[in-house]
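Quick notes on the structure that follows.
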Protein chains: 2
Amino acid sequence: MASRTVTLEQVARHAGVSPSTVSRILNGTAVVSDDKKQAVEDAIRTLGFVPNPVARGLAGGRTLSIGVVTQAIDSPFYGAALRGIEDTLGAAGYSPLFVSGHWNADEEARCIDVLRARRVDGLIVLTGRLSDAALRALARQLPVVVTGRSLKAPGLLSLDFDNALGARIATEHLLGLGHRSIAFIGGDPLHPDSREREAGFRAAFTDAGVTVDPMLMTVGDYQEAGGRQAIERLLDARRRFSAVFAANDQMAFGAALALHRRGLRVPQDVSLVGFDDLASASYSIPPLTTVHQPVMDLGRAAAAGMLALLAGSKPDTALPPPQLVVRESTASAVGG
Amino acid sequence: MASRTVTLEQVARHAGVSPSTVSRILNGTAVVSDDKKQAVEDAIRTLGFVPNPVARGLAGGRTLSIGVVTQAIDSPFYGAALRGIEDTLGAAGYSPLFVSGHWNADEEARCIDVLRARRVDGLIVLTGRLSDAALRALARQLPVVVTGRSLKAPGLLSLDFDNALGARIATEHLLGLGHRSIAFIGGDPLHPDSREREAGFRAAFTDAGVTVDPMLMTVGDYQEAGGRQAIERLLDARRRFSAVFAANDQMAFGAALALHRRGLRVPQDVSLVGFDDLASASYSIPPLTTVHQPVMDLGRAAAAGMLALLAGSKPDTALPPPQLVVRESTASAVGG
DNA sequence: TTGTACGCGTTATCAC
DNA sequence: GTGATAACGCGTACAA
């Protein structure tokens, strides 16, 4: 382990060249003769030189760091995305700077201010609360990648998952099993993806020529407690249903507990489908049938997109389509 | 929204003072007359000046950023700690730089190199894989806070949770319910806390005058799959047990699934206790009895400790004691 | 109390 | 191709 701060200038001296030459070699800014190049590389190795990103940032205007706005750093859902981002960015020499917006537009704006003050080279916003206009304005100042919405603007890449289609195939699965009375537990109504999932749910019904029972449409908060309460309300009101579609896995887990508490078995009495395919979904009891979201891929794609924006090349915007993972929480309807 | 980079120098000009005076006011480095102070503060406000941390880092040697080494950014366990760290650090104007070591000493060392290259002002290491010696060496170079081990060294603060006691009270709970044949699922044997939990388990037996059945001692990997396989091995070998203590919740979830698959009910046939009290523990089926770890507090304490080290004051090292959360996965032993 | 001058480690712009 | 030289924005001795 090299011990203390070796500077570029020392490398230059050691190699018998000027600092500029060293810099050029480091950044590939210009062509340098092979012998000098060799000398410098040797010097770098023997001295254990590591470029100082701080100085680099001041001089070159780039910090090699990317701000990542997530809603909660400890989100079971976005965790995987953060990991994908970290991997992809790290491989390119960039470091992510994670901040949490806590589902609050103001806080999110403050976070972004902090990130910009730290001179991040770009911004990745995972399902933010900011307006499209604010995002567009931001994109005029630095490269921006957003997920969870569709938005076209210069310097901006948006990666959207087809929530409607996901909800649709989940609902079709239930319908295909013979279920007709299907309760829907929606997420935060302010979330666009929540609305899209509801739309997909309804679309599947329409396509199948089945009518949605409005009394079975409930609203949660994307948390376990919301799913649980939704089921409890339904049960307290003596509603009849043979299946439940929760707009995310966390609510599905809450629903499962409520069902369990009331003596209803999954899937024998009630089938249950979630959305997201959290890591824990395959170890819930019973393992949850759910719509898989390629969250880590999303993170990777977002990071790769950012890298592309930074490099001025055309980012690849392809995201895998939604896919239903059938496990053990769904079964054929017995009575209907 | 202030639009473009206002510099300290511009503020100085606007206020009719020298740059150093502005700097002094910003950092409280020296006493400044009230009128100039007022003028500068006005200028800062009207110009919308925001200090550039990059330049600050280069000049002053401080970056106001703290490196945080976690094993996986998407860990369901450490997520809460990251959140606590983010909150506490952020309130003090510091930004965390999260990196993942992936339970690998080499990778962890590389991460630390990256962080040091970025000139972080301090390092928080959450249950790292590095040797005590390496950590001590590190602490000679910059303030270090470590969790998951007890270590005394100058410039280093270690925050340890009493794993042995936690395991002990969990085991006593089971013993108190009349269980005698208790299976133990250990975590990664390389993890010190895994060994401590096993020691606590054994200590409870010793205190109760009960003998541990070596055939019921199994090893997992701290993941769901490990817990599941452990139970499967036990059952395949026709071992008899009325309770299971898993060294963490994730393995307990895996164990629960394995039990469920074999037609064993929790807690009627087998009682189950976990360790950690993950957010999902209260929504598993049945809700899991487990040892609560104050993870967010741990994060807050680690950050506060770092701030104290940075300020040269004595950090408060107190951490809440382990506490058993009794939910619905444990019941009295029927047969023994 | 306040200002001047220099340095932090790199990159960028010139000349050569 | 290569080397001076000047920024980059701020902190801090040192002097006043």
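Lettering follows sequence order; numbering is per chain, from 1.
- Residues forming a side chain to side chain donor-acceptor pair (under 3.5 Å) with Y222(B) (at least two apart in sequence, or on another chain): D193(B).
- Recorded end-axis angle for the helix from dT1(C)-dA16(D) to dC16(C)-dG1(D) stands at 40°, based on five pairs per end and rounded to 10 degrees.
- In this structure, the salt bridge (Lys or Arg N to Asp or Glu O under 4.0 Å) partners of R300(A), at least two apart in sequence or on a different chain, are D297(A).
- Partners of D162(B) under the side chain to side chain donor-acceptor pair (under 3.5 Å) rule, at least two apart in sequence or in another chain, do not exist in this structure.
- Under the rule for a side chain to side chain donor-acceptor pair (under 3.5 Å), E9(A) has no partner lying at least two apart in sequence or in another chain.
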Using residues 302-312 of chain A as the side-chain source, report each donor-acceptor pair under 3.5 Å to any protein atom, sequence neighbours left out, with the distance given to one decimal.
none

Table please: side-chain donor-acceptor pairs of residues 52-69 of chain B below 3.5 Å, with sequence neighbours left out.
{"unit_1": "N52(B)", "atom_1": "OD1", "unit_2": "V54(B)", "atom_2": "N", "d": "2.7"}
{"unit_1": "N52(B)", "atom_1": "OD1", "unit_2": "A55(B)", "atom_2": "N", "d": "3.3"}
{"unit_1": "R56(B)", "atom_1": "NH1", "unit_2": "N27(B)", "atom_2": "OD1", "d": "3.1"}
{"unit_1": "T63(B)", "atom_1": "OG1", "unit_2": "S65(B)", "atom_2": "N", "d": "3.4"}
{"unit_1": "T63(B)", "atom_1": "OG1", "unit_2": "S65(B)", "atom_2": "OG", "d": "2.9"}
{"unit_1": "T63(B)", "atom_1": "OG1", "unit_2": "R119(B)", "atom_2": "O", "d": "2.6"}
{"unit_1": "T63(B)", "atom_1": "OG1", "unit_2": "D121(B)", "atom_2": "OD1", "d": "3.3"}

For residues 75-87 of chain B, please give each side-chain donor-acceptor pair under 3.5 Å, one per line with the distance, not counting sequence neighbours.
{"unit_1": "S75(B)", "atom_1": "OG", "unit_2": "F77(B)", "atom_2": "N", "d": "3.0"}
{"unit_1": "S75(B)", "atom_1": "OG", "unit_2": "Y78(B)", "atom_2": "N", "d": "2.9"}
{"unit_1": "Y78(B)", "atom_1": "OH", "unit_2": "T127(B)", "atom_2": "OG1", "d": "2.4"}
{"unit_1": "R83(B)", "atom_1": "NH1", "unit_2": "D74(A)", "atom_2": "OD1", "d": "3.2"}
{"unit_1": "R83(B)", "atom_1": "NH1", "unit_2": "D74(A)", "atom_2": "OD2", "d": "3.4"}
{"unit_1": "E86(B)", "atom_1": "OE1", "unit_2": "S100(A)", "atom_2": "OG", "d": "2.8"}
{"unit_1": "E86(B)", "atom_1": "OE2", "unit_2": "S100(A)", "atom_2": "N", "d": "2.7"}
{"unit_1": "E86(B)", "atom_1": "OE2", "unit_2": "S100(A)", "atom_2": "OG", "d": "3.3"}

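- Counting only residues at least two apart or in different chains, salt bridge (Lys or Arg N to Asp or Glu O under 4.0 Å) contacts with residues 31-43 of chain B comprise D42(B)-R45(B).
- Under the salt bridge (Lys or Arg N to Asp or Glu O under 4.0 Å) criterion, R140(A) pairs with no residue, sequence neighbours left out.
- Reading DNA chain C from its 5' end, the first and the last nucleotide to sit under 4.0 Å from a heavy atom of chain B are dT1(C) to dG9(C).
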Counting primed atoms plus P, OP1 and OP2 as sugar-phosphate and everything else as base, spell out the protein contacts along nucleotides 1-14 of chain D at 4.0 Å heavy-atom distance: B, S or - for each nucleotide, 5' to 3'. SBBB---BBBBB--
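- At a cut-off of 3.5 Å, with distance as the only test, a side-chain donor of T21(B) or S18(B) sits close to an acceptor on the other residue.
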